[in-house]
Amino acid sequence: MIRFLGLRAVEILVVLVIMSFVIYALIGLMPGDPIDLMITANPKLTAADIVRLKAVYGIDQPLMGRYLAWLRNILQGDLGFSRLYSQPSVTILLPRLGNSALLMGTSFVLALAIGLPAGIAAARRPHSLLDHAINFACFAGISVPSFWLALMLILVFAVALGWLPAGGLATIGDGGFVDRIQHLVLPVATLTLASIGGYTRFMRSAMAEALRQDFIRTARAKGAGERRVVLHHALRNAMIPVVTIVALSFGTLFSGALITETMFAYPGMGKLIFDSVMGNDYNLALAGLLFATLVTLLANLAADVAYAWLDPRITYR
Amino acid sequence: MSEMPFRDAPLRIGSWRSFWRRFSRRRLAVASLFMLVLLALAAAAQPLAVRLLGIDPLAIDLYGRLAGPTMRHPLGTDELGRDLLLRLLQGGQVSLTVGAAAALVSALIGTLIGLLAGYRGGVLDRLLMRFTDSVIALPLLPLLIVLAAIDLTKLGVPRALADAEGASLWRIVALIALVGWTTVARLVRGATLAVRSFDFVRAATALGAGGPRIVLVHILPNVASPMIVATTLSIGNYILLESVLSFLGLGIQPPLASWGAMLTDAQELIGTAPALALYPGLLIFVTVIAFNLLGDGLQDALDPRAGQG
C-alpha cells in the first residue's frame, strides 16, 4: 500500500511537471504578449525600448529557458506578479481559494445528500413510477447547460421576483452573515443541480447491481429485515464504486464551478482562471491552472486510496 | 461520463428486427429519435425557410429590434432586429454539426488508439493507457479555455485560414476531439483485449489471418455496440461543451451563430428580452436530453445484458 501510494505520488508529480510545461507553452501562444500590451498602453516607446523591455522580462530567451526560470521561481514559492491586479499572484489566489472551497463544498455535500438517497430509492423498486421519475430527472440534470440554468435562475429569482441578488460575494457595505448566505443561494443551487444527476445515476446502478447479488438473497432468506438488507448488506458493497466515482468527479466539479462563478460574478478560482486567461494575465493564469490540475490529480489519488481502503479484496503491490 | 459495463462475451448487434423490437419498447428513446430527426430536418431546411419568408437572416434592422412575435417574424427579432427563428435554425445547424463531427472524430481517434493498445499490448499498451488516464484526470474546461484562446497564427497557420468564416466551427471540433477520444479508446481497448483471447480469434490467427484482417473482421464488429452507445451519448456532451465555449466567447464566432453564442448576447438583455435567453437554452436542453435518452435506449436494445433491473 505504501509502495503503491509512493508510485502514484511520483506519477502525479510527473504529470504535473509535463502539464506545467504544456500550459506554459500554450499560454505563450495566446494572442498578444505583455510587451505588445505595453506598446498599446504607451505609444512613445521606441524600438530600442522594446528590445530593452523584452530583455528585462526575458521574452527574448528561448521557450525552454523561460520555462525553467519560471519553474525555479514557482519552486521557491514565487508565483509572480499579476498584471491585471498589480499585486503578487499569491495575495489574489488565497482569498479566492476559500470562496471556491465554500461554493464547491456546499454544493458537493448537498448534491450527495440528495442524490445518494434518491439513487437508493430508485434502485429498490426498479421500473416503478418513482424509478422512472428519478431517472428522467437525472437525465434532465445532466443535460441542462449549467450557464443557461444560471441565467434562468437569475431571471426568475433576481430579475422577476427580486428575492435574491444576481451575483457577487456580498452587498458592498453590508457583508453580514445573512447577506453572504443570500449571495450563495443561486450559485450553490446551480452547481448542485448540475452535479446531482450523475451521482444519483451512479448510486442507482451500483445499488441495483449489489441488490442482485447472491448474498442479498441469503440475507433475505435468513430473515433479515428489508431495512437491514438494503442499508447494511447492499449499501456497503454499492458504496465502493460510488466513492471512487465521486472522487473522480472532482475535475467535473471544477469545470462546473468555473461556469457558475463566471455567471454569478462570484470571486473564486474558476472565475479567476477565466478572467486571467482572457486578460492575458500570464502569471495568474499559470498559477490558477496549475493549482486546478494539482487538486484534480490529488482527487484521483484519493479515489484510488478509497477504493483500496473500502474493498478488502483489492491489494496493491 | 456514463459507465459501460463490458462483459467478457462479445456484444454482437443482432438482427435488425430483434434490435428494433427491443428499441421500440423504449418509448422515451423512440420519442427522442423522432425529436432529433425533426430538429435536424428543421435546421437543414433553414435556407428554404429563408427563401420562403423572403427575409435576409443577417439583415440588421435597428428600428425593428427586440420585436415580439408577428406574422413576418414568428418568434420576434433579436437585439439587432434579425429574425429569431431563422437564427435559431442556423444555430441548430452549427450546434448539431459540431456535436456530430466532434463525436465522429473522437470515435475515430479513440478507436485507433484503443486498437493499438489492446491489440499490441505490452509496453505500448501501458504507455497509451497511462496517457489516457492522465488526459481523463485533467480539469477539462479550464484547459479547453486556454486551448480555445490560443492564437493559431503563432503556430504558423496563415492568417487568412485562421480567420476564415467557417474556421471557428472546425477549430472547436478539433479542440473537443483533442480531449474527447478517451472514452472510446478505453472501451475499444477493453473489448479488443477480451475478444483477442477468444477461441475464434485464435483460430483465425492459426489459419493465417493477418493483423488488419483480425481487427477488421473479428474485433471491430464486436465492439460496435458499446461504441455506438458511447458515441451517441458523447454527441450530447459535445453540444453542451460547444455551447459553453461559444457562450464564453471562445467557440463559434460571428457571423456564424450557435445556440451557445446566441446566449452571450441574450445575457445582457435578460431583464428586457427574456425570450432571447429562453429559446436557445431550451433548444440545447431538449437536444442534449434527447441524445442522452436515445443513447440510454440504444444501450438497452443493443446490450440486453447490461442495465437489467
Side-chain angles (χ1 to χ4, degrees), chain A residues 11 15 18-19 22-23 26-32 123 126-127 135-136 139-140 142-149 151-152 154-155 159-160 198 201-202 205 208-209 211-212 241 245 248 250-252 254-256 258-259 262-263 270 273-274 277-278 285 288-289 292-293 295-297 299-300, chain B residues 1-3 5 28 130-131 133-134 136-155 233 236-237 239-241 243-244 247-250 259-260 263-264 266-267 270-271 274 277-278 280-282 284-293 296 306-309:
Chain A
E11 216 176 276
V15 174
I18 295 175
M19 277 319 290
V22 170
I23 295 171
L26 284 176
I27 295 265
L29 289 171
M30 293 200 308
H127 300 299
N135 191 36
F136 190 77
F139 271 114
I142 296 168
S143 308
V144 70
S146 49
F147 63 94
W148 181 67
L149 182 65
L151 264 181
M152 291 297 112
I154 291 174
L155 178 62
V159 177
R201 273 173 63 77
F202 285 127
S205 78
E209 180 74 31
L211 282 172
R212 272 202 297 274
I245 281 162
L248 285 177
F250 208 79
T252 330
F254 226 107
S255 298
L258 192 151
I259 300 167
T262 307
M263 290 306 296
I273 291 175
F274 180 66
V277 169
M278 298 312 276
L289 283 164
T293 313
V295 171
T296 318
L297 289 174
N300 283 279
Chain B
M1 286 293 123
S2 128
E3 45 162 358
L28 270 178
R130 287 261 57 113
F131 179 56
D133 286 345
S134 306
I136 292 174
L138 295 174
L140 209 65
L141 192 60
L143 283 176
L144 273 177
I145 284 174
V146 178
L147 280 170
I150 63 172
D151 183 356
L152 284 181
T153 53
K154 285 196 182 180
L155 277 175
L233 291 171
N237 275 332
I239 290 179
L240 272 185
L241 210 51
S243 72
V244 173
F247 176 74
L248 293 174
L250 293 163
W259 293 329
L263 283 167
T264 317
Q267 186 188 13
I270 187 94
L278 187 67
L282 214 53
I284 301 172
F285 179 49
V286 169
T287 311
V288 176
I289 201 172
F291 272 113
N292 282 332
L293 289 170
D296 193 49
Q308 292 162 343

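Keep in mind that the numbers below use all heavy atoms, side chains included, and drop hydrogens, waters and symmetry copies.
For the pair A:F147/B:S243, a side-chain contact is recorded, criterion being any heavy-atom separation below 4.5 Å from C-beta on. At a threshold of 4.5 Å between non-hydrogen side-chain atoms, the residues B:D133 and A:E11 do not count as touching. Two residues are said to be in side-chain contact when any heavy atoms from C-beta on lie closer than 4.5 Å; A:I273 and B:I145 fail this criterion. Counting heavy atoms from C-beta on, the side chains of A:M278 and B:L248 never come closer than 4.5 Å. A heavy-atom distance below 4.5 Å is found between the side chains of A:F274 and B:L250. Here the side chains of A:L155 and B:L278 are not in contact, with every heavy-atom distance at 4.5 Å or above.
Between B:A149 and A:V277, the shortest heavy-atom contact is CB-CG1, 4.0 Å.
Not counting sequence neighbours, the partners of A:I23 by the side-chain contact (heavy atoms from CB on, under 4.5 Å) test are A:M19, A:I27, A:L286, A:L289, A:L290, A:T293, B:L143. Considering only residues two or more places apart in sequence or on other chains, B:L28 meets the side-chain contact (heavy atoms from CB on, under 4.5 Å) condition with A:F136, B:L293.
Put simply, of A:W148, A:F254, A:F139, the one with the most heavy-atom pairs under 4.5 Å next to chain B is A:W148. The choice from A:P145, A:S146, A:G256, A:A285 that makes the most heavy-atom pairs within less than 4.5 Å of chain B is A:P145. Chain A forms more heavy-atom pairs under 4.5 Å with one residue of B:L141, B:I136, B:L140, B:V146 than with any other, namely B:L141. For chain B, the option among A:V15, A:L211, A:L151, A:L149 with the highest count of heavy-atom pairs below 4.5 Å is A:L151. Most heavy-atom pairs under 4.5 Å with chain B, from the set A:V159, A:L297, A:L258: that is A:L258. The residue among B:L144, B:L263, B:I284 with the most heavy atom pairs within less than 4.5 Å of chain A is B:L263.
Contacts between A:L26 and chain B at a heavy-atom distance below 4.5 Å involve backbone atoms as well as side-chain atoms. With a threshold of 4.5 angstrom between heavy atoms, B:I239 does not approach chain A through any atom at all.
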